[in-house]
Amino acid sequence: MPKTLRKNPKESRQKNNVNIMTNRECLKKMHQKVIDAFSKLLKADEELFAQGNGFIDKKFIDAHYETYKNWQDAQNEFNKFLSFILKEKRGLDDEIGI
């Protein structure tokens with residue numbers, strides 16, 4: 001979870017070797033991770049269901065599970081951060097250190 005630093009976006013974008021982003025930038029970055037992970041999940045679905053001979057190779061099941069887990073982790077991270085912003089009543093342009 002990112003660390004809260006300050007609410008003034010005009011200051012430097014890095015402090016004490018900590019990267020600074022606005023909550024909006026952080027949400028966009030996390031949202032893109034969710035989209036990328038979901039795209040990979042759809043491809044894994046296609047590969048899994050393309051096994052039409054009645055038998056599914058374990059490697060496809062394992063790959064699908066890992067891809068699903070990555071998508072779920074990305075979605076959970078996004079939701080957790082969004083909940084943090086709402087709970088702490090932070091603005092989208094407030095900065096946070098990651």
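Heavy-atom basis, side chains included; hydrogens, waters and symmetry copies ignored. Bear in mind that the values here come from a model prediction, so they are computed numbers and not experimental data.
Here CG of Leu92 is found 9.5 Å from NZ of Lys28. Values are rounded to the nearest 0.5 Å. Annotation: the span from His31 atom NE2 to Arg24 atom CZ amounts to 14.0 Å, rounded to 0.5 Å. Atom CG of Leu41 and atom CD of Gln75 lie 11.5 Å apart (nearest 0.5 Å). Asn19 contributes atom CG, which lies 11.0 Å from atom CD of Glu25 (distance to the nearest 0.5 angstrom). Between atom OG1 of residue Thr22 and atom CG of residue Asp94 there is a gap of 9.0 Å, rounded to the nearest 0.5 Å. Interatomic distance, CD of Gln72 versus CZ of Phe38, reported as 12.5 Å (0.5 Å rounding).
In this structure, Phe81 and Cys26 approach most closely via the heavy-atom pair CE2-CB, 3.8 Å. Shortest non-hydrogen contact noted between Arg90 and Asn23 is NE-ND2, 3.4 Å. Scanning both residues, Trp71 and Val34, for their nearest heavy atoms gives CD1-O, 3.8 Å. Residues Ile85 and Leu27 share a closest heavy-atom pair of CD1-CD1, 3.7 Å.
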Inset, instruction - Determine, stepwise, if the pair Gln32 / Asp36 fulfils side chain to side chain donor-acceptor pair (under 3.5 Å). - result: CA-CA 6 Å; Gln32 189 59 50; Asp36 294 343; 2.9 Å; yes

Inset, instruction - Take Glu88 and Phe84 through the test side chain to side chain contact (heavy atoms under 4.5 Å, CB included) and record every step on the way to the result. - result: CA-CA 6 Å; Glu88 298 296 322; Phe84 165 76; 3.5 Å; yes

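Using a 4.5 Å heavy-atom threshold, the side chains of Met21 and Lys29 count as touching.
Salt-bridge check for Asp62 with Lys58: passed, with a basic side-chain N closer than 4.0 Å to an acidic carboxylate O.
Legend: residues meeting side chain to side chain donor-acceptor pair (under 3.5 Å) with Lys59, ordered by chain and number and at least two apart, are absent. Scanning for salt bridge (Lys or Arg N to Asp or Glu O under 4.0 Å) contacts around Asp73 gives Lys69, with sequence neighbours left out. For Asn70, the side-chain contact (heavy atoms from CB on, under 4.5 Å) partners two or more places apart in sequence, or in a different chain, are Glu66.
For Phe78, the CZ atom counts as densely surrounded, since its 6.0 Å shell holds more than 12 non-hydrogen atoms of other residues, nucleotides or ligands. Within a 6.0 Å sphere centred on OH of Tyr68, heavy atoms belonging to other residues, nucleotides or ligands number 12 at most.
The hydrophobic clustering, which links ILVMFWY residues whose side-chain heavy atoms are closer than 4.5 Å, places Tyr65 and Ile61 apart.
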